[in-house]
Structures are given as C-alpha cells and as structure tokens.
**Student:** 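Take a look at this one; I'll ask things after.
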Amino acid sequence: MRPVPALKRKVCGRFTLAARPQDLQQEFPDFWFPSDLPPRYNIAPSQQTLVLPGDGAFQARSMRWGLVPAWARDPAIGNRMINARSETVLERPAFRSAFRKRRCLVCADGFYEWQGSPPRRRPFHITLPGGVPFAMAGIWEEWPSPEAENLSTFALLTTRANPDLRAIHDRMPVILGPEARPVWLDPTRPPDALLDLLVPFPGRLELRAVSRFVNRPGNEGPECLAAAES
DNA sequence: CCAGACGTTGTT
DNA sequence: GTCTGG
DNA sequence: CCAGACGTTGTT
DNA sequence: GTCTGG
C-alpha cells in the first residue's frame, strides 16, 4: 500500500522584512548591508528582496522571489517556483543544480500563513520571540536574460511545521540558526550534511492573527500587521 | 546519435 | 544543463 | 500566498 | 476553472 499523503495546506507565500539595517547587521555580522533598505511588510512572489548568497562575497543582494532555472525559456516559470520541498530538492531538475552550488539565506523578520477555507481564510503573522530577524534557507539561480542583465532569482526551502505552527499549518519555511548558517552557505559541503539542516524550527514561534489587508499583494506598510478584524 | 522536454505548490 | 525518447 | 484576468484578427 | 502577476 502506498503511503498515505500527509495533510497538506499551503506554504509560505508572503513575508516581512521591516528590520532596520543596523538590526540586520547585528544578526548577520559577516555580511555587508545597504544603508537605504526600505521596511517591507508584504513581500510577495515575483518581488525583489534581500538575500545573502554563499558566494564568498558576504554582500547582501536583491533577488527576485521565484526561481527561474537557467534553461527556462520563459522566466514566468519562476512565479510558481517559490518553494522547494526539502524532501525532494535533491532530485528535482529545476532545483538540483541550485541546491548543490547556489545556496543562500533569505532575510526576514516574520512570515504569513493563511488558515482555514475560503471565504473565511485568515492570515497570521509568525515571528520569533521579540521579533528579531532570522534567516530562511534558500537556493538561487542566475537566468541569462537576452535583453537585460542576468536575472537573479531564489526559492525558499520548506519542511514540516513545528509544534507552535501545527495548529494552523503543516508546512513552514526552513529557519536556520546562527550555527547552521555557515554550514548552509559553505559551497564544499556534501548534500547529506545540508539535508540534515532542513528540519522544523526547534525554538518557539509567536503567531498573531492579522487583518486581511495583507491579502492584496499591492498593499504595503505597517497596516499589514494590524490586528485581525473580528 | 539528435530532438525535445524539463516545474512547484496544493488540492481542509 | 541534463535526462528521456526515438 | 492572494487578486485578478481570462479574446480575436493579423502582423517584415 | 485555471493561469498570470505582484
């Protein structure tokens, strides 16, 4: 008998990065950050956001969320390549090469998950205690655009939800603590050592129901974190 | 050998 | 790029 | 992830 | 319903 598929709901598709550059500098002291970083409360797929690639430059870069494989004909394919399952990332043709050679950290200070079924689906904002910035595990690609400069894109690694999150969701982005980050970014690390890092977050998470204002991808600003209407 | 395809998420 | 199908 | 669009003809 | 765009 085939294994019964686990309960599945939708996975990380929005997040926040409202932290100031000095807060990021403190959390990621090895990296250089731009000083003019705008606070973001509604980062959606296809948008640019701050990524720390393991390319040895230790320079924060802006990349587009939604991985476009190097061989893609149409970069629109990236709009659906926003998450890569940890369980299968090693085999998937679209991700395998990026997983082996181009890993990164994706800076965030919270992410959104939606709970329930339409039309009552409600967004939650999930943070670490105190709202400190954290690093999500990512992989990235460079797509040679015929007209413009290369397009840099990334996908987030996902794993099972941890106990705090399980009430609303069964998947979550992989969050890497300070010890795991250099391992993930080390280009010489073998796949087995990397896969060991892709586990549910072992610490506590804080969940807060927020307004549906965040639903609309074009909405931006601290209103995205307003308490949920009753 | 060449030609042609190549993907993910989720489906509560 | 890399794999499959013919 | 959610919101919003969703068409055709013909075109060196 | 399904796909694209943000």
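Order of the sequence lines sets the chain letters (A, B, ...), proteins ahead of strands, with each chain counted from 1.
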**Student:** Enumerate the residue pairs fulfilling ring pair (Phe, Tyr, Trp, His ring centres under 6.0 Å) with a member in residues 171-193 of chain A, sequence neighbours excluded, ordered by first and then second residue.
**Tutor:**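 Listed by first then second residue: A:Phe99-A:Trp184.
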**Student:** Can you name the residues that form a side chain to side chain contact (heavy atoms under 4.5 Å, CB included) with A:Ser211, not counting sequence neighbours?
**Tutor:**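 Counting only residues at least two positions away or on another chain, A:Ser211 forms a side chain to side chain contact (heavy atoms under 4.5 Å, CB included) with A:Phe213, A:Ala226, A:Glu229.
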**Student:** Partners of A:Ala84 by side chain to side chain contact (heavy atoms under 4.5 Å, CB included), sequence neighbours excluded?
**Tutor:**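 With sequence neighbours excluded, A:Ala84 shows a side chain to side chain contact (heavy atoms under 4.5 Å, CB included) to A:Val89, A:Phe95, A:Ile139, A:Leu157, given in chain and number order.
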**Student:** Show me the donor-acceptor pairs within less than 3.5 Å that the side chains of residues 67-80 of chain A make with the rest of the protein, sequence neighbours left out.
**Tutor:**
| residue | atom | partner | partner atom | Å |
| --- | --- | --- | --- | --- |
| A:Asp74 | OD1 | A:Ala76 | N | 2.9 |

**Student:** Please name all residues satisfying ring-ring contact (aromatic ring centres under 6.0 Å, His included) with A:Phe201, sequence neighbours left out, ordered by chain then number.
**Tutor:**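 So A:Phe201 forms no ring-ring contact (aromatic ring centres under 6.0 Å, His included) with any residue.
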**Student:** Looking at residues at least two apart in the chain, or sitting in another chain, which of them share a side-chain hydrogen bond (donor to acceptor under 3.5 Å, both in side chains) with A:Gln25?
**Tutor:**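 A:Gln25 satisfies side-chain hydrogen bond (donor to acceptor under 3.5 Å, both in side chains) with no residue once adjacent residues are dropped.
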**Student:** Are the side chains of A:Thr49 and A:Phe15 in contact, using a 4.5 Å heavy-atom criterion?
**Tutor:**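 When only atoms from C-beta onward are counted, A:Thr49 and A:Phe15 do touch, with a gap below 4.5 Å.
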**Student:** Check every strand shown and say whether A:Ala70 touches a base, only sugar-phosphate, or nothing at a heavy-atom separation below 4.0 Å.
**Tutor:**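 Since no nucleic acid heavy atom lies under 4.0 Å of A:Ala70, the category is nothing.
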**Student:** Applying a 3.5 angstrom cut-off to the pairing atoms, does DNA chain B sit in any stems of at least three consecutive Watson-Crick or G-U pairs? List them by first number.
**Tutor:**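 Result, WC/G-U stems under 3.5 Å: B:1-6 with C:1-6.
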**Student:** How would you label the contact of A:Phe15 with the nucleic acid (heavy atoms, under 4.0 Å): base, sugar-phosphate, or nothing?
**Tutor:**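 The answer is nothing, as A:Phe15 stays clear of every strand by at least 4.0 Å.
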**Student:** Flag the pair A:Lys101 and A:Glu142 as a salt bridge only when some basic side-chain nitrogen lies within less than 4.0 angstrom of an acidic carboxylate oxygen.
**Tutor:**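 Judged by the 4.0 Å cut-off on N to carboxylate O distance, A:Lys101 and A:Glu142 do not form a salt bridge.
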**Student:** Give every residue pair that meets the salt bridge (Lys or Arg N to Asp or Glu O under 4.0 Å) criterion with at least one member in residues 24-37 of chain A, sequence neighbours excluded.
**Tutor:**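 Salt bridge (Lys or Arg N to Asp or Glu O under 4.0 Å) check on residues 24-37 of chain A returns A:Glu27-A:Arg181.
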**Student:** Grab the CG-P distance between A:Leu156 and B:dT9 for me, whole Å please.
**Tutor:**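 Computing the A:Leu156:CG to B:dT9:P distance gives 12 Å.
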**Student:** List in chain and number order the residues that pass side chain to side chain contact (heavy atoms under 4.5 Å, CB included) with A:Ala18, two or more places apart in sequence or in another chain; answer none if no residue qualifies.
**Tutor:**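 For A:Ala18 the side chain to side chain contact (heavy atoms under 4.5 Å, CB included) partners, ignoring immediate neighbours, are A:Pro39, A:Tyr41, A:Asp109.
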**Student:** Taking the side chain of A:Arg85 as heavy atoms from C-beta outward, which of D:dC2, C:dG1, B:dT9 is closest to it?
**Tutor:**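 Selected nucleotide: B:dT9.
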**Student:** Atom CZ of A:Arg122 and atom P of B:dT12: how far apart are they, to the nearest Å?
**Tutor:**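 Checked: the CZ to P distance equals 20 Å.
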**Student:** Restricting to ring-ring contact (aromatic ring centres under 6.0 Å, His included), what partner residues turn up for A:Trp143, sequence neighbours left out?
**Tutor:**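 Scan of A:Trp143 (ring-ring contact (aromatic ring centres under 6.0 Å, His included), adjacent residues dropped) gives none.
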**Student:** Could you list the protein-to-nucleotides 4-6 of chain E atom pairs, N/O on both sides, closer than 3.5 Å?
**Tutor:**
| residue | atom | partner | partner atom | Å |
| --- | --- | --- | --- | --- |
| E:dG6 | N9 | A:Ser46 | OG | 3.2 |
| E:dG6 | N7 | A:Pro45 | O | 3.1 |
| E:dG6 | N7 | A:Ser46 | OG | 2.7 |
| E:dG6 | N2 | A:Arg14 | NH2 | 3.4 |

**Student:** For nucleotides 4-6 of chain D, tabulate all protein N/O to nucleotide N/O atom pairs closer than 3.5 Å, reporting atom names and distance.
**Tutor:**
| residue | atom | partner | partner atom | Å |
| --- | --- | --- | --- | --- |
| D:dG4 | OP1 | A:Arg216 | NH2 | 2.9 |

**Student:** For a quick check of understanding: with a heavy-atom distance under 4.0 Å over all strands, which category does A:Ala72 fall into, base, sugar-phosphate or nothing?
**Tutor:**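 Nothing, no heavy atom under 4.0 Å.
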